[in-house]
Chemist: 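Mind looking over this structure? Questions follow.
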Amino acid sequence: MMFRHHRLTTILQLAAVAVCISTAALTAAEVDEGGSATRTTMHHLHFYMHETYAETVMQVANGTGAPLISRGGVRARFGDTAVMDDALTEGPSPGSRQVGRAQGMYATASRQPGAPAMLLTMNMVLTGFEGYQNGSMVAVVGWNDVTASVRELAVVGGTGSFRMATGYALLKTISWKGVTAVLELDVFVRA
């Protein structure tokens, strides 16, 4: 009798392991609205973001203390908070074809002089990016040290063509003249 009980326990344990393995395999796939599993795909998006202080970026809260950085008429203090609505274009020129908007906010979250790191949260809404549903959005959040040559932020979600997105975004400052900056964005999205 003991032998049968041990054998039954072993069979049930193996069945539980098989269920766990099949469940883990399904978590690697996305589930569509109908409940069926679909494969995820890696996308590489490349565009440029154009930002002009007091035009496409508005400071909504003033920080405290001495400026951490002062460059071209822009001064950043700990706690400064701004809202942004920047154009996303195919090329670095402001006259390049617009493919969307970067909308969000950032706050100076570092008190280190000379290195004003920002907490950045933005939605990249695509309105003219070929091959993707109009209005699809990629949500990005992370630490943005504006003095670093390359910054990496996390893709934390999306909608439309990027529903349930994950990945990362690389930001590079191409130019920063006065109150205007141009950033190059390479976004790697799994959706």
Side-chain angles (χ1 to χ4, degrees), residues 41-61 67-77 80-110 114-163 165-191:
T41 304
M42 183 60 97
H43 306 266
H44 176 205
L45 308 173
H46 181 257
F47 34 74
Y48 295 84
M49 186 168 85
H50 302 267
E51 188 166 280
T52 303
Y53 189 75
E55 221 177 280
T56 66
V57 174
M58 291 300 228
Q59 188 166 331
V60 295
L68 300 170
I69 191 171
S70 183
R71 185 171 175 181
V74 177
R75 293 191 305 185
R77 295 179 303 186
D80 282 352
T81 305
V83 178
M84 59 189 257
D85 184 7
D86 299 336
L88 297 174
T89 63
E90 282 184 337
S93 165
S96 296
R97 186 172 81 84
Q98 188 169 320
V99 295
R101 307 288 303 175
Q103 299 169 329
M105 59 189 300
Y106 52 84
T108 306
S110 168
M118 312 287 178
L119 167 60
L120 171 64
T121 177
M122 71 176 165
N123 295 326
M124 293 180 284
V125 183
L126 304 180
T127 55
F129 210 74
E130 239 176 89
Y132 298 101
Q133 180 183 344
N134 199 26
S136 293
M137 181 273 297
V138 176
V140 174
V141 69
W143 184 64
N144 182 18
D145 177 358
V146 297
T147 61
S149 58
V150 178
R151 288 88 74 193
E152 181 176 335
L153 285 81
V155 170
V156 296
T159 63
S161 297
F162 304 108
R163 186 176 291 146
T166 59
Y168 63 98
L170 300 175
L171 282 66
K172 300 173 201 158
T173 302
I174 299 300
S175 68
W176 186 354
K177 297 175 184 164
V179 295
T180 301
V182 177
L183 286 77
E184 181 177 17
L185 282 75
D186 279 295
V187 184
F188 298 89
V189 181
R190 186 179 311 278

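By convention here, the first residue in the shown sequence is residue 1.
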Chemist: Sequence neighbours excluded, which residues qualify as side chain to side chain donor-acceptor pair (under 3.5 Å) partners of T108?
Modeler: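 Expected list: none.
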Chemist: Let me check something: any side-chain donor-acceptor pairs from residues 122-136 under 3.5 Å, sequence neighbours excluded? List them with distances.
Modeler:
{"from": "Y132", "atom 1": "OH", "to": "H43", "atom 2": "ND1", "distance (Å)": "3.1"}
{"from": "S136", "atom 1": "OG", "to": "Q133", "atom 2": "O", "distance (Å)": "2.7"}
{"from": "S136", "atom 1": "OG", "to": "S161", "atom 2": "N", "distance (Å)": "2.8"}
{"from": "S136", "atom 1": "OG", "to": "S161", "atom 2": "OG", "distance (Å)": "3.3"}

Chemist: Is any side-chain heavy atom of L153 closer than 4.5 Å to a side-chain heavy atom of V141?
Modeler: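 No. Closest side-chain heavy atoms not under 4.5 Å.
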Chemist: Can you check whether L183 reaches K172 side chain to side chain, under 4.5 Å on heavy atoms?
Modeler: no
Chemist: Do H50 and T56 meet the criterion of a side-chain donor-acceptor pair at a distance under 3.5 Å?
Modeler: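 No, because no side-chain N or O of H50 sits under 3.5 Å from a partner of the opposite role on T56.
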Chemist: Show, in sequence, the C-alpha distance, side-chain angles and deciding distance for T121 and M105, and conclude whether the side chain to side chain contact (heavy atoms under 4.5 Å, CB included) test is met.
Modeler: CA-CA 6 Å; T121 177; M105 59 189 300; 3.7 Å; yes
Chemist: What residues, two or more places apart in sequence or in another chain, satisfy side chain to side chain donor-acceptor pair (under 3.5 Å) together with E55?
Modeler: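 Expected list: none.
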Chemist: Where the side chain of T173 meets the backbone of S175, is there a donor-acceptor pair that is under 3.5 Å apart?
Modeler: no
Chemist: Taking the side chain as every heavy atom from C-beta outward, state whether V155 and T166 have any atom pair closer than 4.5 Å.
Modeler: no
Chemist: If we only count heavy atoms from C-beta on, is the H44 to D186 side-chain gap below 4.5 Å?
Modeler: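 With C-beta onward as the side chain, the pair touches.
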Chemist: Counting C-beta onward and ignoring hydrogens, is there a side-chain heavy-atom pair between L185 and H46 closer than 4.5 Å?
Modeler: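 Sidechains of H46 and L185: no contact.
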Chemist: Just so I know, are the side chains of L119 and W143 near enough to count as touching, which here means a heavy-atom distance under 4.5 Å?
Modeler: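 Result no, sub-4.5 Å side-chain heavy-atom pair not found.
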Chemist: Taking the side chain as C-beta and beyond, is there a heavy-atom pair between Y106 and M84 under 4.5 Å?
Modeler: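 Result yes, sub-4.5 Å side-chain heavy-atom pair found.
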Chemist: Is it the case that more than 12 heavy atoms not belonging to R190 sit under 6.0 Å from its CZ atom?
Modeler: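 Counting neighbours around CZ of R190, 12 or fewer heavy atoms of other residues, nucleotides or ligands fall under 6.0 Å, so no.
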Chemist: Regarding D86 and R101, does a basic nitrogen lie under 4.0 Å from an acidic carboxylate oxygen?
Modeler: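 Here D86 does not pair with R101 in a salt bridge, since their nearest N and O are not under 4.0 Å apart.
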